Colleague: 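Below you'll find the structure I mean.
Note that the structure is predicted; figures quoted are calculated from it, not measured.
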Amino acid sequence: MKKSYRILIVDDEENVRRMLATVFTHDNHQVICAEDGQQALELFQQQTPDVVLMDIRMPKLNGMEALQVMRQLNQDTPIILMTAYAAVETAVEALRLGAFDYVIKPFDLDELKIMIGRAMQLREMKQEINLLHRALSDSYQWDRILTNSPKMMELCRDTAKIAQSNASVLITGESGTGKELIAKAIHYNSPRAKGPFIKINCGALPESLLESELFGHEKGAFTGAQTQRQGLFERANQGTLLLDEVGEMPHNLQVKLLRVLQEREFERLGGSQTIKTDIRLIAATNRNLSAMVEQGEFRRDLFYRLNVMHLSPIPLRERPEDISLLAQHFVQKFSAENGKEIVELDPSTLTILEAYPWPGNVRELSNAIERAVIMSTGFIIFPDELPEHLQQQLNVPHLSESVNTLTGHTLKENLKAYERELICTALGNNQGNRVQTARVLGISRRALMYKLQEYHIE
């Protein structure tokens, strides 16, 4: 069933208001009309429209001024501006002030309907992502792991089943694939969810400190031990202990860990009192423990104790269907953290992201998007805002004779010159029609407007 929206139409021309109201009412939308910016602001606060369609040139309060006030009142409502003047500077300024898009009078009604549909889809997507952010901040539910990959969905189902048991879990996989996220999903969906979740990196500490961290120590156990201290096996009681990079654990500590797993008891360093512990142990590593066992680098009996249940997150290069989903998620996440309103990845940016093999997996993708968000000055992330090594993934097709005379010295300069030539050619082929030009170039009209201003194309 087609969705119905509340649309606020703002225009000082009565015939425009009447025509648009008739069209959208016929499509089963609820329509509210205002004849100037001041009346529009009153209705905007009273009626809470889903989308605003507003003229720029109006008496009392023009569309640009009303837009700025509306943005202060509500950041989420899409606002589309209408103008009879196609100045690039005006359009780009409107986009920078927070307009979703703009249309030039006389406009095509079908194009306008499509634009409103896209605006509402974007708003609903942002609302879903915000809900997801809140859910993820409150708990680490396995079914909140973002994925479109059948392999990862199967992993999530296995994780949900494992969470209900008390078995030890070994999580193996490349760095950045989300091993810690899966460990948290297991804990927070298990009967131990109210207990502590504690993590330690076994490769980050020297052997003596790691032993003290795990088992604790008595006063005077070694130089500097001035007080008794609980170890992680005590602090994680009735909860979960994650041993990250367990393949880096020294041999003599492997023996002590084996005893804890077998007997659920240990002694502090320098102590004689046996302490019972009730923990669930999850171990994670990016190393091949089976090979380490065969080479005598890891105890075989400990490996079998840890490997009761085995999970292995899928590398990002093997689930390319997740790149766009995760990239959009990180755009929204880091935009919120940095106080920005970035809502879109330029198609050429997404092409680069999907072509890259991501050796650092999801962590590398997250870092790349965070960098791009910080560097971006508009509402769209373009390729030149990505890390340099990603920009070099852009495969430039054969250049025309006119572009072969490029004078730029760097890859970025040549790409920009080539992009400008493509845009000019597309505009000429489409008689200056920007909607059709954007469609031919495979970019949004918003992205095209930014490019027109960047390259000073009239």
Colleague: Is the Phe298 to His251 ring centre distance short of 6.0 Å?
Modeller: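 So the answer is no for these two rings.
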Colleague: Could Glu267 and Arg259 be called an ion pair, given the rule that one side-chain N must be under 4.0 Å from one carboxylate O?
Modeller: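 So Glu267 pairs with Arg259 through a salt bridge.
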Colleague: Starting at CG of Leu281, measure out to CG of Leu242 and round the result to the nearest 0.5 Å.
Modeller: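 Answer rounded to 0.5 Å: 8.5 Å.
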Colleague: Which atom pair, heavy atoms only, marks the closest approach of Phe215 to Leu257?
Modeller: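 Nearest heavy atoms, Phe215 then Leu257: CZ-N, 4.4 Å.
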Colleague: Drop me the distance from Asn189's CG to Gln164's CD, to the nearest 0.5 angstrom.
Modeller: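 Going from the CG atom of Asn189 to the CD atom of Gln164 covers 7.5 Å.
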Colleague: Can you find a heavy atom in the side chain of Met54 that is under 4.5 Å from one in the side chain of Ile80?
Modeller: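 A side-chain contact is absent here, since even the closest heavy-atom pair is not under 4.5 Å.
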Colleague: Could you walk me through whether Leu311 and Ile162 pass side chain to side chain contact (heavy atoms under 4.5 Å, CB included), step by step?
Modeller: CA-CA 10 Å; Leu311 294 170; Ile162 291 171; 3.7 Å; yes
Colleague: Would the distance check show the side chain of Asn286 and the main-chain N or O of Gly173 forming a donor-acceptor pair, the cut-off being under 3.5 Å?
Modeller: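 No, the answer is negative, given that no donor and acceptor are paired below the 3.5 Å cut-off.
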Colleague: Do the side chain of Arg268 and the main chain of Ile275 share a donor and acceptor less than 3.5 angstrom apart?
Modeller: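 No, the answer is negative, given that no donor and acceptor are paired below the 3.5 Å cut-off.
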Colleague: Determine, stepwise, if the pair Glu248 / Asn201 fulfils side chain to side chain donor-acceptor pair (under 3.5 Å).
Modeller: CA-CA 9 Å; Glu248 309 299 326; Asn201 188 324; over 6 Å; no
Colleague: For the pair Arg371 (side chain) and Leu386 (backbone), establish whether a donor and an acceptor sit closer than 3.5 Å, ignoring hydrogens and angles.
Modeller: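 Yes, Arg371 side chain to Leu386 backbone: donor-acceptor pair under 3.5 Å.
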Colleague: So Met64 and Leu81, side chain to side chain contact (heavy atoms under 4.5 Å, CB included) or not? Walk me through it.
Modeller: CA-CA 8 Å; Met64 299 287 274; Leu81 295 183; 3.9 Å; yes
Colleague: For a side chain to side chain contact (heavy atoms under 4.5 Å, CB included) with Trp358, tell me which candidate from Thr177, Leu326, Leu316 qualifies.
Modeller: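 Running side chain to side chain contact (heavy atoms under 4.5 Å, CB included) over Thr177, Leu326, Leu316 with Trp358 returns exactly one hit, Leu316.
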Colleague: Checking Ser4 side chain against Asn28 main chain: does a donor-acceptor pair fall under 3.5 Å?
Modeller: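 Checked: pair present.
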Colleague: Can you find a pair of side-chain heavy atoms, one from Leu155 and one from Thr159, that are under 4.5 Å apart?
Modeller: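 Yes, at least one pair of side-chain atoms sits under 4.5 Å.
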Colleague: For residues Pro78 and Met120, report the shortest heavy-atom separation together with the two atoms involved.
Modeller: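 Minimum heavy-atom separation between Pro78 and Met120: CG-SD, 4.4 Å.
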Colleague: For the atom pair CZ (Arg157) and CE (Met153), what is the distance rounded to the nearest 0.5 Å?
Modeller: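 So the gap between those two atoms works out to 8.0 Å.
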Colleague: Are any side-chain N or O atoms of Arg6 and backbone N or O atoms of Gln47, one a donor and one an acceptor, separated by less than 3.5 Å?
Modeller: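 Yes: the side chain of Arg6 pairs with the backbone of Gln47.
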Colleague: What do the steps show when you test Phe334 against Ile374 for side chain to side chain contact (heavy atoms under 4.5 Å, CB included), and what is the final call?
Modeller: CA-CA 8 Å; Phe334 293 122; Ile374 291 170; over 6 Å; no
Colleague: Around atom CD of Gln295, are there more than 12 heavy atoms from other residues, nucleotides or ligands closer than 6.0 Å?
Modeller: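 Yes - once you tally the heavy atoms of other residues, nucleotides and ligands closer than 6.0 Å, there are more than 12.
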Colleague: With the threshold set at 4.0 Å, does a side-chain nitrogen-carboxylate oxygen contact exist between Glu263 and Lys276?
Modeller: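 No, Glu263 and Lys276 are not salt-bridged.
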Colleague: Of all the heavy-atom pairs spanning Ala236 and Leu241, show the shortest one and how long it is.
Modeller: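 Nearest pair, atom of Ala236 first, then Leu241: CB-CB, 4.1 Å.
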Colleague: Side chain to side chain contact (heavy atoms under 4.5 Å, CB included) for Ile200 and Leu205? Distances and angles first, verdict last.
Modeller: CA-CA 9 Å; Ile200 185 170; Leu205 297 173; 4.1 Å; yes
Colleague: Charged N to carboxylate O under 4.0 angstrom, Arg118 versus Asp101?
Modeller: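 The answer is yes: the pair qualifies as a salt bridge.
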Colleague: First locate atom CD1 of Ile186, then atom CZ of Arg192, and finally report the distance between them rounded to the nearest 0.5 Å.
Modeller: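 One finds 12.5 Å between CD1 of Ile186 and CZ of Arg192.
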Colleague: Taking the side chain as every heavy atom from C-beta outward, state whether Tyr304 and Val293 have any pair of such atoms under 4.5 Å apart.
Modeller: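 Answer no - side chains too far apart.
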Colleague: Any donor-acceptor pair under 3.5 Å linking the side-chain atoms of Arg280 with those of Ser165?
Modeller: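 On atom types as modelled, these side chains qualify, holding a pair under 3.5 Å.
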Colleague: Any salt bridge linking Arg300 with Glu294? Criterion: basic side-chain nitrogen under 4.0 Å from a carboxylate oxygen.
Modeller: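 Counted as a salt bridge, because a side-chain N and a carboxylate O are separated by less than 4.0 Å.
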Colleague: Is it true that Glu174 and Arg317 have a side-chain N and a carboxylate O under 4.0 angstrom from each other?
Modeller: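 Answer for the salt bridge query: yes.
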Colleague: Would the distance check show the side chain of Arg71 and the main-chain N or O of Gly98 forming a donor-acceptor pair, the cut-off being under 3.5 Å?
Modeller: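 Yes.
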Colleague: Examine distances only and state if a side-chain atom of Asn361 and a backbone atom of Pro315 form a donor-acceptor pair shorter than 3.5 Å.
Modeller: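 Looks like no, no N/O pair under 3.5 Å.
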Colleague: Does the pair Asp27/Lys113 count as a salt bridge with the N-to-O cut at 4.0 Å?
Modeller: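 The answer is yes: the pair qualifies as a salt bridge.
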Colleague: Does Ser212 reach the main-chain N or O of Leu209 with its side chain, forming a donor-acceptor pair under 3.5 Å?
Modeller: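 Between the backbone of Leu209 and the side chain of Ser212 there is no qualifying donor-acceptor contact (under 3.5 Å).
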Colleague: With side chain to side chain donor-acceptor pair (under 3.5 Å) as the test, would you mind laying out the steps for Arg319 and Asn148 before giving the verdict?
Modeller: CA-CA 8 Å; Arg319 47 186 178 112; Asn148 283 324; over 6 Å; no
Colleague: Which heavy atom of Thr240 sits nearest a heavy atom of His187, and at what distance?
Modeller: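 Where Thr240 meets His187 most closely, the heavy atoms are OG1-ND1, 2.7 Å.
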Colleague: Side chains of Phe382 and Leu345, heavy atoms from C-beta outward: is any pair under 4.5 Å?
Modeller: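 They are not in contact (no side-chain heavy atoms under 4.5 Å apart), so the answer is no.
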Colleague: Can you list the steps and then say if Glu218 with Arg229 is a salt bridge (charged side-chain N to carboxylate O under 4.0 Å, His left out)?
Modeller: CA-CA 6 Å; Glu218 298 290 351; Arg229 185 184 182 194; over 6 Å; no
Colleague: How far does CG of Leu112 sit from CG of Leu53, to the nearest 0.5 angstrom?
Modeller: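 If I round to the nearest 0.5 Å, the distance is 5.0 Å.
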Colleague: Do you know the tightest heavy-atom contact between Ala183 and Ile171?
Modeller: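 Smallest interatomic distance, heavy atoms only, reads N-CD1, 3.9 Å.
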Colleague: Is the count of non-hydrogen atoms from other residues, nucleotides or ligands lying under 6.0 Å from Met292 atom CE greater than 12?
Modeller: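 Counting neighbours around CE of Met292, more than 12 heavy atoms of other residues, nucleotides or ligands fall under 6.0 Å, so yes.
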Colleague: Tell me the closest heavy-atom pair linking His29 and Tyr5, and the distance in Å.
Modeller: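 So the minimum-distance heavy-atom pair works out to ND1-N, 3.0 Å.
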Colleague: Do the side chain of Ser376 and the main chain of Ala372 share a donor and acceptor less than 3.5 angstrom apart?
Modeller: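 Between the backbone of Ala372 and the side chain of Ser376 there is no qualifying donor-acceptor contact (under 3.5 Å).
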Colleague: Quiz question: by atom type and distance under 3.5 Å, do the side chains of Asn74 and Gln45 form a donor-acceptor pair?
Modeller: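 The answer is no; no qualifying pair exists.
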Colleague: Are side-chain heavy atoms of Cys202 and Leu210 found at a separation under 4.5 Å?
Modeller: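 They are in side-chain contact.
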Colleague: Check whether any side-chain heavy atom of Asp50 sits under 4.5 Å from a side-chain heavy atom of Ile7, and report yes or no.
Modeller: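 Asp50 does not reach Ile7 side chain to side chain.
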Colleague: Within this structure, what is the CG-CG distance for the pair Leu253 and Leu258, rounded to the nearest 0.5 Å?
Modeller: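 Taking CG in Leu253 and CG in Leu258, the distance rounds to 12.5 Å.
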Colleague: Have Thr147 and Asp322 got a donor and an acceptor in their side chains that come within less than 3.5 Å?
Modeller: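 Note: Thr147 and Asp322 side chains meet the donor-acceptor criterion.
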Colleague: Hey, is the main chain of Lys340 close enough, under 3.5 Å, to the side chain of Asn338 for a donor-acceptor pair?
Modeller: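 Pair absent, no side-chain N/O of Asn338 close to backbone of Lys340.
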Colleague: Side chains of Val10 and Leu8: closer than 4.5 Å at any heavy-atom pair?
Modeller: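 Side chain of Val10 against side chain of Leu8, heavy atoms only: contact under 4.5 Å found.
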Colleague: For the residue pair Phe266 and Phe233, categorise the inter-ring angle as parallel (less than 30°), tilted (30 to 60°) or perpendicular (more than 60°).
Modeller: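 Ring orientation, 0 to 90° scale: tilted.
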Colleague: Any non-hydrogen side-chain atom of Glu385 less than 4.5 Å from a side-chain atom of Thr349?
Modeller: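 They are not in side-chain contact.
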Colleague: Under a 4.0 Å N-O cut-off, is there an ion pair linking Arg287 with Glu245?
Modeller: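 Not counted as a salt bridge, because no side-chain N and carboxylate O are separated by less than 4.0 Å.
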